[in-house]
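Heads up: the structure comes next, in structure tokens.
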Amino acid sequence: MQGIGTQAKAAIDALIRKLGAIATLTGQEEAAIRALPVFIAEIGPQHDIAREGERPEFCVLVQSGWLCRHKATSDGKRQILSLHLPGDIPDLQSLLLGQMDHSLSSIGPATIAFIRHEHLHDLHRRHPGLARIMWRETLIDAAAYREWLLGIGRRSAEEQMAHLFCEIFVRLGAVGLAGPASCDMPLSQGDLADALGLSIVHVNRTLQALRGRGLIGLSRGTLTIRDWTGLRALSGFDPAYLHLRDDDGPADAAPTRRAFADSPAG
């Protein structure tokens, strides 16, 4: 259905929060985003939104829930390539790359907004500053890919998982969706295995190890950060690759005060 009410506004609000976390939007740019026509859809868990090989005519904006990009081997083994949170447009590259070279699916239940390519192209023509900001967003996606590749190739299982939890906590915090020391974590152990390149047994052992060290708690879809300093130290997490802006400085300054605080509550 065409979104003209509360859900459409919530989706656009999420996008503005996300773009505002990486760049400064002018009043005109924000108004132009709010004028975008969107179509809202509520989808269930593990729902395929776009499949590898398809040629979509729209981009997807996450209003609520989490999405993932993924590919599979010939024998069906899935690798999650990235996780996408409220405010993300995970398939912006489809504006210029016509054919999907991966698939896009929901993790759990989600509400998404579809934005037609033609409307985004028109937005970029009328507001080159927004085109630059959205291009910046795709470059940040590429930076996150590099960090994930380093983790899969060189970090231990505990370091990888700790790094992923740090990243998710900071990303959600940047758009106002994390508490002082907790955030949503809807990933199953199977999802974590597919994201980290581990077996489910190894994921279970790694979670127990992080709990045993007093670093995290994970229960009923909520991640609790019990020792932020220790979690960052274990993983070597430095949020610079997320290129978040600080209220007191430019986009490439300190990502957020929380990211460098001694603890999430601090």
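Owing to the predicted nature of the structure, the values given are computational and were not obtained by experimental measurement.
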Without swapping roles, check the side chain of D88 against the backbone of L85 for a donor-acceptor pair under 3.5 Å.
-> yes
Are any of the side-chain heavy atoms of W148 and L164 separated by less than 4.5 Å?
-> yes
Quick one: do E147 and R155 satisfy side chain to side chain contact (heavy atoms under 4.5 Å, CB included)? Show the steps, please.
-> CA-CA 10 Å; E147 199 66 34; R155 292 189 179 109; 2.6 Å; yes
Does S106 reach the side chain of W66, with side-chain heavy atoms less than 4.5 Å apart?
-> no
Looking only at side chains, do R51 and S103 share a donor and an acceptor under 3.5 Å apart?
-> no
Is R69 reaching over with its side chain to a backbone N or O of P90, donor-acceptor style, under 3.5 angstrom?
-> yes
Look at the side-chain heavy atoms of Ile, Leu, Val, Met, Phe, Trp and Tyr, link any pair under 4.5 Å apart, and say whether I12 and L92 land in one connected group.
-> yes
Donor-acceptor under 3.5 Å (K71 side chain, D101 main chain) | yes
Should we say atom CZ of R132 is surrounded by more than 12 heavy atoms from elsewhere, each under 6.0 Å from it?
-> no
Pairwise distance CD(E29) to CG(L19) - rounded to 0.5 angstrom = 9.5 Å
CG on L192 to NE2 on H202, rounded to 0.5 Å | 12.5 Å
Heavy-atom closest contact (A174 atom, A21 atom, distance) | O-CB, 3.9 Å
R34 atom CZ, neighbour heavy-atom count above 12 within 6.0 Å | yes
Salt-bridged, E159 to R154, with N to O below 4.0 Å?
-> no
Compare every heavy atom of P56 with every heavy atom of G98, then report the nearest pair and how far apart it is.
-> O-CD, 3.8 Å
Given the options I49, L67, L104, D91 meets side chain to side chain contact (heavy atoms under 4.5 Å, CB included) only with L104
Gap separating the NE2 atom of H127 from the CE atom of M134, nearest 0.5 angstrom = 10.5 Å
Q63 side chain to A113 backbone, donor-acceptor under 3.5 Å = no
What distance separates S94 OG from E57 CD, expressed to the nearest 0.5 Å?
-> 10.5 Å
Donor-acceptor contact present, side-chain R55 to main-chain M100, <3.5 Å = no
Note, L36 side chain near L123 side chain (heavy atom, < 4.5 Å) = yes
Applying side chain to side chain contact (heavy atoms under 4.5 Å, CB included), run through I112 and E42 and close with a yes or a no.
-> CA-CA 6 Å; I112 59 177; E42 295 180 350; over 6 Å; no
Does D141 use its side chain to pair, donor to acceptor, with the backbone of T138 at less than 3.5 Å?
-> no
Verify whether the ring centers belonging to F114 and F58 lie closer than 6.0 Å.
-> yes
Does the side chain of H70 reach to within under 4.5 Å of the side chain of D194, using non-hydrogen atoms?
-> no
Under 3.5 Å, is there a donor-acceptor pair between the side chain of Q160 and the main chain of L196?
-> yes
C68 to L83 - nearest heavy-atom pair and separation = CB-CD2, 4.0 Å
Stepwise salt bridge (Lys or Arg N to Asp or Glu O under 4.0 Å) test for R126 and D122 = CA-CA 6 Å; R126 290 184 292 110; D122 180 64; 2.9 Å; yes
Is the closest side-chain donor-acceptor distance between H47 and S105 under 3.5 Å?
-> no
Atom OG of S182 and atom CG of L218: how far apart are they, to the nearest 0.5 Å?
-> 11.5 Å
Kindly indicate, with the supporting measurements, whether the criterion side chain to side chain contact (heavy atoms under 4.5 Å, CB included) is fulfilled by T224 and I216.
-> CA-CA 6 Å; T224 301; I216 61 119; over 6 Å; no
Side-chain touch E137/I89, heavy atoms, less than 4.5 angstrom | no
Would you say D238's side chain and A240's backbone share a donor-acceptor pair under 3.5 angstrom?
-> yes
Could you tell me the separation between the CG atom of L215 and the CZ atom of R226, rounded to the nearest 0.5 Å?
-> 10.5 Å
Would you kindly confirm whether V38 and L130 end up in one hydrophobic cluster when ILVMFWY residues are joined by side chain heavy atoms under 4.5 Å apart?
-> yes
Indicate the ring-plane relationship of Y241 and H163, choosing parallel, tilted or perpendicular according to the 30° and 60° boundaries.
-> parallel
Can you tell if the side chain of I225 reaches within under 4.5 Å of the side chain of L231, non-hydrogen atoms only?
-> yes
Same cluster or not: are L242 and M185 linked, directly or through other Ile, Leu, Val, Met, Phe, Trp or Tyr residues, by side-chain heavy atoms under 4.5 angstrom apart?
-> yes
Step by step, would you call R116 with L120 a side chain to side chain contact (heavy atoms under 4.5 Å, CB included)?
-> CA-CA 7 Å; R116 295 191 67 85; L120 283 170; over 6 Å; no
Grab the two heavy atoms, one from I133 and one from T24, that are nearest each other, plus how far apart they are.
-> CD1-O, 4.1 Å
Carboxylate-amine/guanidinium proximity below 4.0 Å for D191 and R78 = yes
What is the minimum heavy-atom distance between G20 and L25, and which atoms define it?
-> N-CD1, 4.4 Å
Answer with yes or no whether the hydrophobic clustering places V170 together with I22; edges join I, L, V, M, F, W, Y residues whose side-chain heavy atoms lie under 4.5 Å apart.
-> yes
Do the side chains of P239 and F237 get nearer than 4.5 Å, heavy atoms only?
-> yes
Modelled atom types, side-chain donor and acceptor of Q99 and E52, under 3.5 Å | no
Less than 4.5 Å apart, any side-chain heavy atom of C183 and any of T222?
-> no
Of the non-hydrogen atoms in A209 and E158, which two are nearest, and what is the gap between them?
-> CB-OE2, 3.4 Å
Test item: R205 side-chain N/O and I200 main-chain N/O as donor-acceptor pair under 3.5 Å | no
Can you hop from L172 to W228 via hydrophobic side chains spaced under 4.5 Å?
-> yes
Do Q46 side-chain atoms and I107 backbone N/O form a donor-acceptor pair below 3.5 Å?
-> yes
